[in-house]
Amino acid sequence: MTVTIRNSRELGEAIRAERLKRKLRQADLASMASVRQALIAGGYLSGAGRIPDAQISG
């Protein structure tokens, strides 16, 4: 199935769906992409409904 990606949100959703289909952890995907796992989990590439990292203010 071909998916048309129109924005960063849809890109995140497609990446997450494919990652889960292949049973990859975020750390596995990060290693394959030569980035830190925090980039994958931080909400930047995460799909819809994902909660971004908490902001701590003091």
Side-chain angles (χ1 to χ4, degrees):
M1 179 172 100
T2 302
V3 177
T4 301
I5 297 172
R6 294 181 177 91
N7 56 47
S8 61
R9 184 180 196 146
E10 290 177 355
L11 176 61
E13 291 171 2
I15 291 170
R16 183 172 188 266
E18 188 64 25
R19 178 180 65 79
L20 294 175
K21 184 172 94 174
R22 295 181 185 208
K23 297 183 176 153
L24 294 172
R25 300 173 303 151
Q26 289 178 345
D28 299 328
L29 182 59
S31 176
M32 294 166 75
S34 299
V35 298
R36 293 180 48 219
Q37 184 267 343
L39 177 66
I40 306 291
Y44 180 71
L45 295 177
S46 298
R50 303 288 291 176
I51 300 170
D53 292 343
Q55 298 296 316
I56 300 174
S57 60

Quiz item: How about Met32 and Leu24: do any of their side-chain heavy atoms sit closer than 4.5 Å?
Solution: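 The answer is yes; the side chains approach within 4.5 Å.
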Self-check item: Same apolar cluster (I L V M F W Y, side chains within < 4.5 Å links), Ile15/Ile5
Solution: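 Same hydrophobic cluster.
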Practice problem: Please report the shortest heavy-atom distance between Asn7 and Glu10, naming the atom on each side. | Solution: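 Looking at all heavy atoms of both residues, the shortest contact is OD1-N, 2.9 Å.
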Self-check item: Distance-minimising heavy-atom pair for Arg19 and Leu29
Solution: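 That would be CD-CD2, 3.9 Å.
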Quiz item: Would you call Glu13 and Arg16 a salt bridge, taking side-chain N to carboxylate O under 4.0 Å as the test?
Solution: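 Looking at Arg16 together with Glu13, the answer is no, because their closest N to O distance does not fall below 4.0 Å.
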Self-check item: CD1 on Ile40 to OG on Ser31, rounded to 0.5 Å
Solution: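 Here the rounded value is 10.5 Å.
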